[in-house]
Amino acid sequence: MLRPFELHQPSDVTAASALVGRYGDAATFYAGGTELLLIMKEGLVAYRHLVDLKTIPGLGEIVYDDASGWLSIGGTATHYALERHPVVRRRAPIIGEVERHVANIRVRSAGTIGGNLCFAEPHADPGTLFLTMDAEIDLASAEGARTVPIDRFFAGAFDTARRPDEVLTRVRVRPWGSQTRGVYTKFGIHERPTLGVALALTLDTDRTVVRGVRLAVGCVGPSPVRIAEAEGRLQDAAMSEIGPHLDAAAQIAGDAVDAVDDLHGSAEYKREMVKVFVRRAFHAAAARFV
Ligand SMILES: Cc1cc2nc3c(=O)[nH]c(=O)nc-3n(C[C@H](O)[C@H](O)[C@H](O)COP(=O)(O)OP(=O)(O)OC[C@H]3O[C@@H](n4cnc5c(N)ncnc54)[C@H](O)[C@@H]3O)c2cc1C
């Protein structure tokens with residue numbers, strides 16, 4: 001049963017933040033409600049005031065800024081909007097590819113990117129991908145605005161660097177360059193993903209030498225992580241002799257993740273799957289050059 005609550009519909013972010021500040025623990029932000037209403041119904045949390053963000057004009061805007069090179073995604077942009085948006089398709093089609101496989105059409109139509117990142121449920125996809133795009137999270141409150149790089153945003157399962165009265169106004173990502181191809185591969189046995197690996201591969205102009213790799217792993221531990229040591233192991237490797245480098249990078253990634261036992265499997269199983277999926281993601285990214 002959902003207990004009664006008052007729904008506030010402020011017209012801007014400052015007013016939204018001020019409402020949460022005023023009602024304190026009795027209030028929270030509400031976007032698509034796909035997570036929030038579930039946990040309220042289950043009695044895991046109780047709020048007497050919900051502050052609706054979806055009705056704030058412009059908060060779901062998706063734009064690319066030529067001057068800065070940032071693709072900016074408003075906090076209330078839905079998964080479905082990201083899947084379809086022409087700017088996303090042109091500038092960072094990988095985001096649409098990932099969004100198409102988030103949840104189901106009902107959740108994608110209502111659920112927002114802000115809700116996904118702020119709820120920080122470990123079994124989620126976009127945060128892992130955004131780590132390979134050096135994303136920055138813009139937060140705003142009645143006190144002012146600040147930016148948090150995505151690798152400092154996630155603080156653990158269901159925990160982030162965001163203060164309760166801060167609205168995630170947008171996430172900005174840097175689309176990969178023209179010499180880069182990337183993939184997001186995921187695997188799951190339940191509704192939500194068990195494992196997600198994002199890998200962006202940059203080759204030299206002859207496509208014979210690795211000039212850079214960005215690798216992030218999500219879902220297996222409390223938060224998605226970028227694995228710099230595994231990336232470094234592949235740097236400057238010749239594609240013709242990639243096997244041992246890739247095995248070493250996969251091993252490093254499997255050892256580096258803070259895998260936990262849960263309904264999706266044991267920590268040991270997840271570490272093995274990370275190794276498999278890092279190799280698989282690398283080959284899939286390389287195949288996108290041909
Ligand atoms: C059945 C099911 C399957 C799913 N499968 C997947 C999957 O495969 N991959 C995946 O990535 N995700 C999956 N999800 C998660 C889904 O992506 C999220 O439920 C959705 O994105 C949350 O967005 P929302 O707008 O509904 O958030 P809400 O439920 O409205 O809010 C969630 C939390 O975030 C806070 N919040 C929301 N927006 C903001 C904001 N802009 N600023 C500050 N705080 C904010 C709220 O206060 C609340 O605490 C699944 C969910 C369900 C229910």
Side-chain angles (χ1 to χ4, degrees), residues 2 5 7-8 10 12-14 16-17 19-21 23 25-42 44-47 49-56 58-61 73-83 95 97-131 137-142 145-146 148 153-154 157-171 184-196 198 218-219 223-224 264:
L2 203 51
F5 57 83
L7 184 66
H8 302 264
D12 61 41
V13 166
T14 306
S17 167
L19 279 163
V20 168
Y23 293 114
D25 290 346
T28 196
F29 301 118
Y30 162 79
T34 60
E35 302 285 18
L36 185 62
L37 296 183
L38 275 183
I39 56 173
M40 285 175 72
K41 275 184 194 159
E42 284 169 17
L44 297 171
V45 290
Y47 296 106
H49 301 271
L50 294 190
V51 178
D52 192 356
L53 298 175
K54 288 194 313 295
T55 47
I56 297 179
L59 200 55
E61 199 175 64
I73 302 165
T76 55
T78 62
H79 297 293
Y80 186 72
L82 281 164
E83 182 187 332
I95 296 177
E97 283 178 35
V98 171
E99 292 293 350
R100 197 170 311 133
H101 298 288
V102 163
N104 53 54
I105 185 64
R106 194 181 56 80
V107 171
R108 287 201 296 282
S109 302
T112 64
I113 197 69
N116 183 290
L117 297 172
C118 293
F119 196 61
E121 139 75 70
H123 300 279
D125 301 300
T128 309
L129 176 68
F130 291 166
L131 274 166
I137 308 284
D138 290 338
L139 302 170
S141 71
R146 65 181 178 126
V148 180
F153 182 70
F154 295 110
F158 305 100
D159 192 15
T160 70
R162 185 184 68 86
R163 289 197 319 265
D165 67 335
E166 284 181 312
V167 176
L168 186 156
T169 51
R170 56 185 186 173
V171 50
Y184 179 78
T185 52
K186 72 172 177 176
F187 160 77
I189 45 178
H190 298 293
E191 241 169 358
R192 299 180 192 231
T194 297
L195 161 71
C219 307
S223 305
H264 292 253

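Worth knowing before you read on, the calculation uses all heavy atoms, side chains too, and leaves out hydrogens, waters and symmetry mates. Note that ligands are numbered from 1 as they come in the structure, with each ligand's atoms numbered from 1 the same way. Sequence positions, counted from 1, serve as the residue numbers for this chain.
Close approach of ligand 1 to Pro193 is summarised as follows: ligand atoms under 4.0 Å from at least one heavy atom of the residue are 7 (C), 8 (O), 9 (N). Every atom of ligand 1 with a heavy atom of Gly114 under 4.0 Å away is listed here by number and element: 38 (N). Near Arg162, with a cut-off below 4.0 Å to any heavy atom, the atoms of ligand 1 are 43 (C), 44 (N). Within ligand 1, counting atoms from 1 as listed, the ones closer than 4.0 Å to a heavy atom of Leu36 are 29 (O). Using a 4.0 Å cut-off to heavy atoms of Thr28, the atoms of ligand 1 that qualify are 47 (O). Set against the non-hydrogen atoms of Lys186, the atoms of ligand 1 under 4.0 Å away are 8 (O). Near Gly32, with a cut-off below 4.0 Å to any heavy atom, the atoms of ligand 1 are 24 (P), 25 (O), 26 (O), 30 (O). Of all the atoms in ligand 1, the ones that sit under 4.0 Å from a non-hydrogen atom of Glu191 are 1 (C).
At the shortest separation from atom 41 (N) of ligand 1 among protein heavy atoms lies Leu168 O, 3.1 Å. Ranking the protein heavy atoms by distance from atom 23 (O) of ligand 1 puts Thr112 N, 3.2 Å first. Of the protein's heavy atoms, Ala103 N, 3.4 Å lies nearest to atom 7 (C) of ligand 1. Nearest non-hydrogen protein atom to atom 38 (N) of ligand 1 is Gly115 N, 3.5 Å. The shortest contact between atom 33 (C) of ligand 1 and any protein heavy atom is with Phe119 CD1, 3.8 Å. The nearest protein atom to atom 47 (O) of ligand 1, hydrogens excluded, is given as Phe29 O, 2.6 Å; this is a heavy-atom distance. Atom 53 (C) of ligand 1 has Arg192 NH2, 3.5 Å as its closest protein atom, hydrogens excluded (heavy atom only). What sits closest to atom 9 (N) of ligand 1 on the protein, heavy atoms only, is Asp125 OD2, 2.7 Å.
Distances from atom 45 (C) of ligand 1 to the heavy atoms of Ala27, Gly60, Cys118, Ala31 put Cys118 nearest. The closest heavy-atom contact to atom 39 (C) of ligand 1, among the options Thr128, Leu53, Leu139, comes from Leu53. Residue Thr34 holds the heavy atom nearest to atom 26 (O) of ligand 1 of all those in Thr34, Leu50, Ile56.
Side chains of His190 and His123 form no contact here, defined as non-hydrogen atoms less than 4.5 Å apart. Residues Phe153 and Val171 fail the side-chain proximity criterion, which asks for heavy atoms closer than 4.5 Å. For the pair Leu36 and Phe119, the minimum side-chain heavy-atom distance is 4.5 Å or more. Leu139 has its side chain out of reach of Val167: every pair of non-hydrogen atoms, C-beta onward, lies at least 4.5 Å apart. Within the 4.5 Å cutoff, no side-chain heavy atoms of Phe29 are placed close to those of Pro164. Looking only at side-chain heavy atoms (C-beta outward), Val51 and Tyr23 stay at 4.5 Å or farther from each other. In this structure, Glu99 and Tyr80 have side chains that are not in contact, with every pair of non-hydrogen atoms separated by 4.5 Å or more. Contact check for Met40 versus Leu50: side-chain heavy atoms found under the 4.5 Å cut-off.
Residue contacts with ligand 1 leave out Glu121, since none of its heavy atoms falls under 4.0 Å from the ligand. At a 4.0 Å cut-off, not a single heavy atom of Lys54 sits close enough to ligand 1 to count as contact.
Taking Thr160 as the reference, nothing meets the side chain to side chain donor-acceptor pair (under 3.5 Å) condition, with sequence neighbours excluded. Partners of Phe5 according to the ring-ring contact (aromatic ring centres under 6.0 Å, His included) rule, which considers only residues two or more places apart in sequence or in another chain, do not exist here.
Considering backbone and side-chain N/O of Asn116, one or more are found under 3.5 Å from N/O of ligand 1. At least one N/O-N/O distance between His79 and ligand 1 falls below 3.5 Å. Taking distance alone, with nitrogen or oxygen atoms compared against 3.5 Å, Pro126 stays at or beyond that limit from ligand 1. Inclusion of Gly111 in the set of residues having an N or O under 3.5 Å from an N or O of ligand 1 is not warranted. Polar contact check, Val102 against ligand 1: no nitrogen or oxygen pair lies under 3.5 Å apart. In terms of polar-atom proximity, Glu166 is not counted as a contact of ligand 1, lacking any N or O under 3.5 Å from an N or O of the ligand.
A donor-acceptor contact shorter than 3.5 Å is absent between the side chain of Thr194 and the backbone of His264. The closest donor-acceptor contact from the side chain of Glu61 to the backbone of Gly58 lies at 3.5 Å or more, if one exists at all. Under the 3.5 Å distance criterion, the side-chain polar atoms of Ser17 are left unmatched by any main-chain donor or acceptor of Ser141. In this structure a side-chain-to-backbone donor-acceptor pair under 3.5 Å is present from Thr169 to Asp138.
Checking each of Arg192, Lys186, His79 against Asp125 for a side-chain hydrogen bond (donor to acceptor under 3.5 Å, both in side chains) leaves exactly one that passes, namely Lys186. A side-chain contact (heavy atoms from CB on, under 4.5 Å) with Thr76 is found for one member of Leu53, Thr55, Asp52 and no other, namely Leu53.
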